[in-house]
Structures are given as C-alpha cells and as structure tokens.
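Keep in mind that the numbers below use all heavy atoms, side chains included, and drop hydrogens, waters and symmetry copies.
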Amino acid sequence: RIERLQQASTSSEEEMEAANARFQNQLTSNWNDQILSKGEELSPLASIMDRLALLEQEKQAADERLQEEFRLREENEERFYREKRKLLEEAAAQVQADVYLNPKVS
C-alpha cells in the first residue's frame, strides 16, 4: 500500500512538472510560430472545430424555431380558451334566460 501511495505521489509530481513545462513553453516568444508551423498537423483539429461550430449553430437555430413554435402554440391555446369560455358563458346565460322565462311549476 505504501508503494502505491509513493507511485501515485511520483506520478502526480511528474504530471505537475509536465504541466509547468507546457506553460513555460507557451511563455516563449516563438511559441506562436511553433504552433503555426504545425498547421498541417493541426488541420484535422481545425476541421473538427469548424464542424462543432456548425453543429452548435444548427442547435441554436433549432432552439429558436422551438421557442417560436412554443410562443405560437401558447397564443393558439389562449385564443381557443377565450373562445370556449365565451361559448360556455353564452350557453350559461341562455340556460338562465330559458329558466327565467319558462319557469316550471311542480
């Protein structure tokens, strides 16, 4: 168990050293030139990033269409609710008027 802890500690230290080395490389003045010189190696990554950006745009467009559809559906529901309410109120008024005008005496 102690050996495993020591190995984990050693690998953690190695990871930290590697991260520090990467960071130091980024601080050098020719880091951008190094990246640009590796354009061919990085071009598949750029292609993937472009495709991801397109997918994100398609998702946003679909979300906007859904929001518009929800808004239209809400307006439609509200309109039919008002029409149903008006119809029921008119029916209730008609029933009340009929009862008032034609009272049945038992």
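Comment: E78 engages R82 in a salt bridge, judged by a side-chain N to carboxylate O separation of less than 4.0 angstrom. A salt bridge links E75 with R71: the closest approach of a Lys/Arg side-chain nitrogen to an acidic carboxylate oxygen falls below 4.0 angstrom.
The closest side-chain heavy-atom distance from L52 to M49 is below 4.5 Å.
Annotation: the span from E74 atom CD to R79 atom CZ amounts to 13.5 Å, rounded to 0.5 Å. Here the CG-CZ distance, from N76 to R73, works out to 9.0 Å after rounding to the nearest 0.5 Å. Here the NZ-CG distance, from K84 to L88, works out to 9.0 Å after rounding to the nearest 0.5 Å. Remark: Q60 CD to Q67 CD distance equals 10.5 Å, nearest 0.5 Å.
When the shell of 6.0 Å around CD of E90 is examined, it contains more than 12 heavy atoms from other residues, nucleotides or ligands. Crowding of R85 atom CZ: a count of heavy atoms from other residues, nucleotides or ligands under 6.0 Å not exceeding 12.
For the residue pair D98 / Q94, a side-chain donor-acceptor distance below 3.5 Å is found, with atom types taken as modelled.
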*Report the C-alpha distance between L54 and D50 in whole Å, list the side-chain angles of each, state the deciding distance to 0.1 Å, and finish with yes or no for side-chain contact (heavy atoms from CB on, under 4.5 Å).*
CA-CA 6 Å; L54 286 173; D50 288 342; 5.6 Å; no
